[in-house]
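Below is one structure, written out as structure tokens; comments come after it.
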Number of protein chains: 2
Amino acid sequence: MGYSIGQVSKKMGLTAHTLRYYEKEGLLPFVKKNGAGLRVFSDNDLGWLELIECLKGTGMTLKGIKQYIDWFQEGDSTLKQRLEMFKEQKVKLKEQMARLEKYMERIDYKIAYYNEVIAHGEKGIWDRNPGLKAARERIYGKRG
Amino acid sequence: MGYSIGQVSKKMGLTAHTLRYYEKEGLLPFVKKNGAGLRVFSDNDLGWLELIECLKGTGMTLKGIKQYIDWFQEGDSTLKQRLEMFKEQKVKLKEQMARLEKYMERIDYKIAYYNEVIAHGEKGIWDRNPGLKAARERIYGKRG
DNA sequence: ATAAACTTTAGAGTTAACTCGAGGTCAACT
DNA sequence: AGTTGACCTCGAGTTAACTCTAAAGTTTAT
């Protein structure tokens with residue numbers, strides 16, 4: 001029910017330093033301290049950390065995340081802003097996913113290319129492997 | 001056949017400053033200069049910039065990208081390293097894509113949640129909308 | 001009871017990746 | 001001839017997000 005900073009550090013894959021830094025930046029306004037001044041994280045705090053991970057992982061800055069947390073703390077008057085923020089984040093995320101698909105194609109091509117060159121040398125590679133040639137042209141256009 | 005730094009800047013969405021910075025860091029070893037000392041980018045250079053974008057976009061640092069370019073310039077003796085690098089990058093990219101799918105679920109949930117709260121208030125939300133409740137439990141587990 | 005392990009704060013330092021500014025060259029218009 | 005605009009180099013400055021240190025207090029294990 002209550003976790004030390006070290007336990008949370010392990011669970012979330014963040015250093016204790018980073019957790020304190022996040023708190024200092026206003027990202028963890030709900031974390032309590034016990035009588036001795038040690039932080040005690042609740043399950044709810046872990047939920048916030050997962051949300052922070054999600055937003056950070058989809059390209060939001062800590063400042064943007066803090067904005068959301070501030071809105072949350074302001075209460076119901078900011079519901080629309082918060083919804084809007086997630087909608088924007090979803091658009092960005094979809095773009096990002098599309099970009100990664102493209103990158104994956106390019107990397108797959110590179111892997112196929114290097115496999116081919118390592119196996120049979122560079123000479124005559126396009127005649128030998130028309131599929132690779134097609135992939136190359138799909139990705140790079142005429143040039144390369 | 002030859003592009004100025006300004007043209008490349010527009011084409012690639014990078015500032016001229018950034019392009020010069022990349023060159024200084026050893027990421028564009030093939031860019032030529034004309035008699036007046038102005039950079040002249042070729043189509044091949046644009047290809048390199050696209051690869052840089054791809055590797056950067058899949059989480060590689062500029063230092064890592066430079067490593068690849070150095071290997072490339074060393075010639076055939078580094079073919080295996082280069083293949084290995086792309087294979088590793090592919091693994092990371094797959095992980096990243098899986099992470100983004102998770103994040104998308106969470107964001108979709110948040111959007112559904114805020115839509116519901118804005119439309120009908122927070123009271124009785126779980127009874128009113130069992131699908132939302134199920135989504136919530138799928139994403140957050142027991143807590144929230 | 002005492003050592004080892006963990007946590008605290010405040011503040012300084014680091015890293016990656018830009019980002020900018022000053023001062024200068026050069027070609028093209030007016 | 002002068003102005004405009006794009007380009008050059010060099011070096012300094014900025015930003016985000018950590019990352020670390022020191023000195024002190026707390027908890028846990030023997």
Side-chain angles (χ1 to χ4, degrees), chain A residues 1-42 45-46 48-70 89 92 96 99, chain B residues 2-29 31-42 45-46 48-70 89 92 96 99:
Chain A
M1 191 65 266
Y3 311 96
S4 73
I5 199 166
Q7 290 172 316
V8 175
S9 168
K10 266 186 201 150
K11 238 187 253 273
M12 299 300 299
L14 300 164
T15 70
H17 280 304
T18 299
L19 288 167
R20 287 188 206 105
Y21 169 69
Y22 281 1
E23 184 183 296
K24 196 172 62 182
E25 295 299 303
L27 269 53
L28 298 169
F30 311 115
V31 174
K32 298 282 182 298
K33 305 223 183 148
N34 68 14
L38 303 198
R39 288 173 184 79
V40 181
F41 290 76
S42 67
D45 295 325
L46 292 184
W48 278 100
L49 279 168
E50 283 171 16
L51 180 61
I52 289 169
E53 185 198 334
C54 168
L55 293 174
K56 213 164 77 69
T58 55
M60 194 177 282
T61 62
L62 298 190
K63 198 175 160 191
I65 297 169
K66 176 164 168 35
Q67 171 68 269
Y68 171 72
I69 289 168
D70 289 347
Q89 205 59 16
K92 280 189 209 145
Q96 173 67 356
R99 234 174 282 126
Chain B
Y3 310 96
S4 73
I5 198 168
Q7 291 171 316
V8 175
S9 169
K10 266 187 200 148
K11 237 186 255 272
M12 300 299 299
L14 300 165
T15 70
H17 277 305
T18 299
L19 288 167
R20 289 189 207 103
Y21 169 68
Y22 281 1
E23 183 182 295
K24 196 173 62 184
E25 294 300 302
L27 268 54
L28 298 169
V31 175
K32 297 282 181 298
K33 304 220 183 149
N34 68 14
L38 304 197
R39 286 173 185 79
V40 181
F41 290 75
S42 67
D45 294 325
L46 292 184
W48 277 100
L49 279 168
E50 284 171 16
L51 180 62
I52 288 168
E53 184 198 335
C54 168
L55 294 174
K56 213 164 78 68
T58 54
M60 194 177 282
T61 62
L62 299 190
K63 198 176 159 191
I65 297 169
K66 177 165 168 31
Q67 171 67 272
Y68 171 71
I69 289 168
D70 289 347
Q89 205 60 15
K92 281 190 208 144
Q96 173 67 354
R99 235 176 280 127

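We use all heavy atoms of the structure for the numbers below, so side chains are in, but hydrogens, waters and symmetry mates are not. The sequence lines fix the lettering, A, B, ..., with proteins before strands; numbering per chain opens at 1.
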Please name all residues satisfying side chain to side chain contact (heavy atoms under 4.5 Å, CB included) with [X], sequence neighbours left out, ordered by chain then number.
X: Ser42(A); value: Asn44(A), Asp45(A)
X: Gln89(A); value: Leu55(A), Thr58(A), Met60(A), Lys92(A), Ile107(B)
X: Lys56(B); value: Tyr22(B), Leu62(B), Ile65(B)

Between the protein and nucleotides 28-30 of chain D, which nitrogen or oxygen pairs come in under 3.5 angstrom?
none

Inter-axis angle, terminal five-pair segments of the helix from dA1(C)-dT30(D) to dT30(C)-dA1(D) [nearest 10°]: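 For the helix from dA1(C)-dT30(D) to dT30(C)-dA1(D), the axes at opposite ends meet at about 10°.
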Tell me, please, which residues at least two apart from [X] pass side chain to side chain donor-acceptor pair (under 3.5 Å).
X: Thr61(B); result: none
X: Arg99(A); result: Gln96(A)
X: Glu23(B); result: Arg39(B)
X: Ser9(B); result: none

Leu27(A) CG to dC18(D) C1': how many Å, rounded?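 Value for this atom pair: 13 Å.
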Query raised in the report: When the distance from CD of Glu25(A) to C1' of dC18(D) is rounded to whole Å, what number comes out?
Result: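 Atom CD in Glu25(A) sits about 10 Å away from atom C1' in dC18(D).
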Below 4.5 Å, heavy atoms only, C-beta onward: do Glu25(A) and Lys63(A) meet side chain to side chain?
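Heavy-atom side-chain distance check fails, nothing below 4.5 Å.
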**Prompt:** Any side-chain heavy atom of Leu49(A) sitting closer than 4.5 Å to one from Leu14(A)?
**Reply:**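 In contact.
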With sugar-phosphate taken as primed atoms, P, OP1 and OP2 and all else as base, the protein-contact string of nucleotides 2-18 of chain C at under 4.0 Å (heavy atoms; B, S, -) is -----SBB-------BB
Mind checking what makes ring pair (Phe, Tyr, Trp, His ring centres under 6.0 Å) contact with Tyr68(B), not counting sequence neighbours?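 With sequence neighbours excluded, Tyr68(B) shows a ring pair (Phe, Tyr, Trp, His ring centres under 6.0 Å) to Phe86(B), given in chain and number order.
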